[in-house]
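Naming: A, B, ... by sequence-line order, numbering from 1 per chain. Because the structure is a prediction, the values reported are computed rather than measured.
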Amino acid sequence: MSSAVSFARMVRVLALAIPCLLPLLSGCDLDSYPAELTYPLRSDPIVTSPPGSTRWDTTAPGQLDMHIAHLSDPEVGGKTLDPAKLPAKERGELERALNEIFGTPATPKVFLKDADDEVKSRIQDLKLDDKTLAHGSIVYRRHCMHCHGVTGDGRGPTGPWINPTPRDYRQGLFKFMSTAVEVNNRKPRREDLRRTLEHGIEGTSMPSFSLLEEAEKEALVSYVIHLSLRGECERYTMEPILDGSGLEGSVREKVVELLGDFLHAWANSNAKGIEPGAYPYKEGDLQASIRRGFQLFTDPRGSASCINCHVDFGRQAPFRYDKWGTLVRPANLTAGVYRGGRRPIDIYWRIRGGIDPSQMPRADFGDQAAHKEQWRNNADPYWDLVNFVQALPYPQMLPEDVRDSIYGRRHEKTEHAQR
Amino acid sequence: MTQVVYERPQEHMGMPLPTPKVAMWLFLVTEIMFFTALIGTYIVLRHGTPAQSPFKWPAPHQVHLIEWIGALNTFVLICSSFTVVLAHHAAVKADMKKATSYVAITLALGGVFLGIKAYEYNSKFQHDILPGHIGESLPYPAKGGGDNDLKAIEREKHEHATGMQYFHRVQLQLEAIKKSSIDAEIQKECNALLDAMTATTAAEGQAVAFHRPPSPAEVGERVNEILEKAEKKGVTLHLTPAIPFGNLWASCYFAMTGFHALHVLGGVVVFAIILLMAVIGRLGPQHSTMLELVGLYWHFVDIVWIFLFPLLYLV
Amino acid sequence: MSVSHSHSAEAHAHHELSFLRKYIFSEDHKIIGIQFLFSGLIFFLIGGTLALLVRLQVGFPKGINLPWFPISWGGRMSPDFYAMVFSMHATIMIFFVIIPLLTGAFGNFTIPLMIGARDMAFPKLNMMSYWFMWPAFAVILSSFFVEGGAGASGWTSYPLLASATMPAGEGFHSPASPHSGIGQICWLVALLFVGVSSMMGSINYMTTIINLRAPGMTMFRMPMTVWAMFITAILQSMALPVLTVALILQLLDKTINTTFFLPPGGMAFGNWHTGPGGGQTLLWQHLFWFYSHPAVYIMILPAMGMVSDIISTFARKHLFGYKPMVLAIAGIAGLGFIVWGHHMFQSGMDPRLGTGFMIATIMIALPSAVKTFNWLGTIWGANIQYTTAMLNALAFVAMFVIGGLSGIFMAATPVDVYFHDTYFIVAHIHYVLFMSSIFGIFGGIYYWFPKMFGRLMNEKWGKVHFVLTFLFSNCTFFPMHIIGIAGHPRRYYDSTLYRFLDNVQPLNQFMTISAFLLALAQIIFLVNFFWSLFRGAKAGANPWHSNTLEWTAPSPPPHGNFVQTPIVRRGPYEYGNPDMEEDYLPQAEPQPSGIPAPAH
Amino acid sequence: MQQKGWGIFFGVVLLAAFLSIAVGPLVGWWLPANVSSFGPDVDYLYYVILGFTTFFFLLTEVLLVWAMYRFAGRPGNKSQYVEGHHRLEMLWTVVPGGILLYIAIAQISAWERIKYQAKMPDPDLVMQVTARQWDWTMRYADTPLPENHRRWAEIPNFDDIYLPDELHCWKGANVRIYLKTNDVLHSLFLPQLRLKQDALPGKTIPVWFNATDANTRFNASTGNCEWTDKNKEWEIACAELCGGGHYRMRGLLYVHETKDDYLNWLKHAQKAARSRQPEKKATPVAAKD
Amino acid sequence: MTETGHPTTHDAAHDLRVKAYFTVFIALSIFTLVSFIANEAVRQGWIDLYTSVTIIIAVAVIKAILVGLIFMHLNFDWGKVYFIIVPIFILGVMMMMVLMPDTVIAWQPSQNPLEPPVSTTGTR
């Protein structure tokens, strides 16, 4: 009952407990990735060609991998390759090569021992220096990793449960780009990644990161490019081994070769954006422009023929497979939700450049001289389409007849099935 | 029991009620709260829907609810309440034969109630009036222009999105109807609707002649017309009707009547056990309290139905 | 109606039951109480581990690189995992620890003993009420391993985070909580089972207390523990059905596409399969808090009752103001039903309702204050014996004052605008539920341990455990008030994103370290508990010289409790009577000659 | 004597707790700066309650600790035999009751002022805030106060400007926010403005505030808003669990000095939102040193 | 075991009881018919909706009271169980009443869109 004894014991227990606890907690508050962590080699199937069919329902959350595994079923009609079938020797070589060139999550790099000046300058242009990447990896781990995953595979712990699924950078495919259409193997420019980062993607779970510091955003962009390069090299080294066509040289040579190609593509893309024509209209021309845009949009055989995919202006568009093997649908343009940004220039870029990975073709009206009837009255059909798409969700902006044919005539009893 | 538990019965401290009866009343208290919460939910949800405008709570005929069947069910339950009280009465008078027969009648009436309920449910299944199955989108009422239009369009944008599920279901149903052979006129109308829904705009080939496919709301309206016609002709048509707030109605209806039916089922099981006891000769006058308790429960179930019937069928 | 009698007579006849009947499928209220005690303590360990994970993340949000830490992605807990951890921590602590321990363990053990009954009114029902917990145990534990993980919508599981299941397509995204799928369904099912179990228990308690009291045990001679259990049972029986309905409705929303809680008009989360919906999101909050506010009292009233008895016993003094205490408990229970809206002041509920709820809520502090003053009155002029049980009970009083007073901030609507959903509320709930209820439970365990197992717990180690627990729990939870005042919102995975929270992050780390020390201190309790179970000093029938009826039975009491049904002659708090040599006078003791019988 | 130690132990722990709150304001562990017009009401009521609760905290805990110290048991001693005290009971029922009633009634007018829609002042600036998983989308009209602003809040407008996570207003403006959510429940929390309101799916909830201090200077040449004071970085948080990213719904509150400043910013934002040419901005410095 | 619930055990009293049961049964049947007719009457346009709703609800309440009093023996047991039943009714009614204001101001598509949208919280 004596409390003196208990106090003494208490002190003793405390003295024992605190040193015991400190090592337990010492690993906490880790800014960067654990040093011993390496990028794991790809294990999920590679979608080499997505199925062409359409569907009415989307994939249930959490079922992404199951869904992709089923793509190669004959009735679905896609083609996939399984990285698990990679022979042990190649696997080891690939792992070593990738780790040597791209480093680990804690110390990411794009490092080529015997790089020529051109490659070095490309790395410099794309800001893939070690310091930026290390900073990017810290920021990425904190803000992005739980959805996009350590390797940028879009399979972080939360990733599979989000619909639309987070972007898988490892294919080197991106949707929203302002890269000039002439560029081969279009990659997004740094500004495009910045835009996505700052504005988020409306209508998905990608939030805006506009409040990050300037340097953090830049570092993130670099790190995303790094992950994308690593993933693409990995994928296109695996692909010939898996589909049986085989490699010409060693695995490492292949990786280095691919890296050179991709760096080239990224640097080229970064250098050249779409230059939109000057906006040709004054305030008062808007209604006429919207009407022209409507006609271009709905003309099923025109150069744009948007209505063929954006059925009923996207309201009744079925799902299709994109190049990642996930289901997406042509946007519902009446909803006023613009994933790639809602500025006119953003919409212009998408119409002009298309969205390659989800197989949205680019509109091509050629130049003014060659296509007289599309460019009549000095009107710019691209801007007509932009104006129409921008006004589409706002019925008050549309000319009366256009509005009636989009939203129906509401003054009298609606007639349908009377075609 | 008062006289045996304690050495000094005069000092019994409890209520002058048998313990099981106290427990039964306490159990009924929890049951009251259970159904109060259910009914409260129903009233709140129903009250939350607008009274004027086409978007009001569905009328019984819209959801194929026949009032007289509900009234009949009420009568069946009242009868069973009456017989169960007579059974208890007979048991008190130690007339176990009479009690047994009343219990048997009650059991039968409970069975009848459940049978009628099953019939009603079946008609809901037939008409596809199930949670998650009902098309709810109808065009917004056209009144004047201007602002009215804008509100209507804003609303339609939302409903168009969610209504596509309905659109596709109707499409599948219409395809099935196309393959079947029913009344020629109805089938023609169905096919016309299907054509309108599936025709692509590309077929015309003219830039100006753009035709909008019907929206889910318009499909719903058309489906309702076809269903009405079919009903008049006596044709059964497996098409999902468009009923504003139908889903909420179905949710409430099935939740409330479902839980009531489960309670009835529970009572029926107990009556069956009592009957079994009577058959093997285990039922005696000592079970009169048990009969009273079962009766209490049964009357409570009756009272719940007395409220559910007007709330769901009439008001 | 003759069940209880014939049963107890029968049980008397056959003392030798098989192990299975005696300890596993026992119908004896004492064994059932001990079963509840053990399962509650096991879940206390699980819930505590989850709490440590929560603290680890909040204290060191940048990441964890611990070799012993099983789940980390890139050295970091994922935000969804964190959400799952704190949701399950609260769920387990509330529904699987505190409620089963207080009403299940102590309610079962004490009620028949304290009112002089042989057993519960319905022993079989009692057994069922324990075994209905097992599906709940199984479901809640298995939910950690289902696809997507256990529920992660907070213990309140507000729709739509909890109930939305599928994306609407159309440019809207899916519910980004992986756990609102099967995990959430498991959560609902487990709580349904817990509810049914509690409902069975509460009907049993009420019937027992109403009808099976020993001769002479009038309502106003019942010990406070029994009163508290009685009123708790009333609260449960009235409030639980509403929760049951809410759970069922959400379950239907998630499984068969009903739309009770889905908003109207094709919102983004209007379920792809249900169309525009039309339900009401707020309805869940109303139904849930209609249960869960009384549930807060369910989680504290029994502890209050137990503490009253413990304090009176070890203060060797008559409980100060017995009837006001009873009235205060009843008042808390009555008011408890009309204050649920104070959880919803900022929820978008009509603010006019807020005014009404605020007045009712603030007034509920009154009976709590009355109780506190009465406890103080009880130890005033007492002859306090500082046993571990008494220390825990006094800690209850000291901590309940803090928990009660901090509640007033949240009850006041304008102040709640700021404090709602900040760490201040976390501090409040932990002061009420951990610092009060758990100290009450510890007190109860130390106090009734000799009656339960016939052996005394080690007092010395009990005190060490108490000192460490008291110290570290204050270190863990008191700073939460401070970071709450600074505006730290609760359920934040990483507060270092916010500049206005920068200067409270050190406190977060301090709390985390304290929490780990607090957890370590509980090892002392566990060791003491199991050591005493087998090696503790033998206790006599009445080691504390207490007055209530359970101490007239042998320790541990046999099946049937009393050798002879006691006849109650006075209230339970006859301590320190100056006319007597002994300072206590048990309830069933014949009146000593020369001492006037009390008036009541 | 050893028995008396327990009173001291309790006393020390409780005193430490009390002191940790008491030193809070000195070391910055306190309410954030208050810049709301109704904020002083909230703070005043907070201090009223704090005063009463501190008094009762000290009263009860001191009594408890004193009693624990003074009445620690000694063998052979006996306690006083008291069953209760009617007048004392009345006293400690009526006095706290009165105080509590006063506290309750004192709240009502402030509550009405903050939340009742009928009592909200006519707005000078209207915006619509849509919460989603996991950021805030602020929608500004092309003028501070569009005609029929309630309708404007319901029906999107072609001219609207959408900005993620940035709330702009000017000092002294009565700001009306129409709060919506795209998905689950969220809660708009502005600590410095003492403002919090849940967003309910399917509902549009009006909230208002009036900032009494400015923190922003708009730099027309860079197009950036700069803090006037480093400590005045006011933030927006989400206070209702909304999934995994609940913690990251951070926004910033920019309060401009005058309406003109705000309009300047708005013009700039409009230009950016309607940009028809790619930005010709030199890319900023890359890595942080 | 005796019938503790009802103190009278005479046969005559029992017969009276049966008569009471029967009367209640008839009354319940008639009331059911009344509510059915009241509902039909609205359709035929004889009475307006509110009258019929009032009648129907009143009838339901009377029926419940009859069943409770006679069939459930509350006329005998009321004195022993009122303390269980009364609070539950207060609570149930109160819960519904408090839920009400929230639904009145719940979201609904405004009937006349020219008016400002239906208020969502607070007074208008």
**Top contributor to chain D contacts, counting heavy-atom pairs under 4.5 Å, from C/Glu581, C/Arg490, C/Gln385, C/Met399** = C/Glu581

**Message:** Less than 4.5 Å to any heavy atom of chain C: does that hold for the side chain of D/Arg70, its backbone, both, or neither?
**Reply:** neither

**Asked** chain D: which of C/Asn374, C/Leu319, C/Thr281 shares the most heavy-atom pairs with it under 4.5 Å?
**Response** C/Asn374

**Request:** State whether the side chain of C/His481 and the backbone N or O of C/Phe478 hold a donor-acceptor pair below 3.5 Å, judged by distance alone.
**Result:** yes

**Asked** chain D: which of C/Tyr498, C/Phe500, C/Phe320 shares the most heavy-atom pairs with it under 4.5 Å?
**Response** C/Tyr498

**Complete:** Per-residue tally against chain D (heavy atom, under 4.5 Å) across C/Pro489, C/Ala369, C/Ala486, C/Ser347 peaks at C/Ser347

**Check: C/Ser157 side chain, C/Ala162 main-chain N or O, donor-acceptor pair, under 3.5 Å** = no

**Qualifying residue, where the test is ring-ring contact (aromatic ring centres under 6.0 Å, His included) with D/Tyr247 and the options are C/Phe86, C/Tyr493, C/Tyr82** = C/Tyr493

**Fill in**
Turns out that what part of D/Leu188 lies under 4.5 Å from chain C's heavy atoms comes down to neither

**Asked** Is the D/Trp234 to D/Tyr254 ring centre distance short of 6.0 Å?
**Response** no

**Item:** When D/His86, D/Gln192, D/Met68, D/Arg194 are compared by non-hydrogen pairs under 4.5 Å with chain C, the top option
**Value:** D/Met68

**Message:** Test your reading of the model: is there a side-chain donor-acceptor pair from D/Asp229 to the backbone of D/Asn215, 3.5 Å cut-off?
**Reply:** no

**Asked** Can you say whether D/Tyr46 sits under 4.5 Å from chain C via the side chain, the backbone, both, or neither, judging by heavy atoms?
**Response** both

**Prompt:** Relative to chain C, which segment of D/Val42 carries a heavy atom at a distance below 4.5 Å: side chain, backbone, both, or neither?
**Reply:** both

**Message:** Please classify the contact between D/Glu240 and chain C as side chain, backbone, both or neither, with a heavy-atom cut-off of under 4.5 Å.
**Reply:** both

**Request:** Measure from the side-chain N and O atoms of D/Asn34 to the backbone N and O of D/Gly39, and report whether any donor-acceptor pair falls under 3.5 Å.
**Result:** yes

**Item:** Max heavy-atom pair count under 4.5 Å with chain C, selected residue of D/Ser187, D/Ala199, D/Ala67, D/Ala110
**Value:** D/Ala67

**Prompt:** Nearest 0.5 Å, what's the OG1-CD1 distance between D/Thr53 and D/Ile103?
**Reply:** 7.5 Å

**Complete:** In terms of heavy-atom pairs under 4.5 Å with chain C, the winner among D/Leu185, D/Thr54, D/Leu200, D/Leu241 is D/Leu241

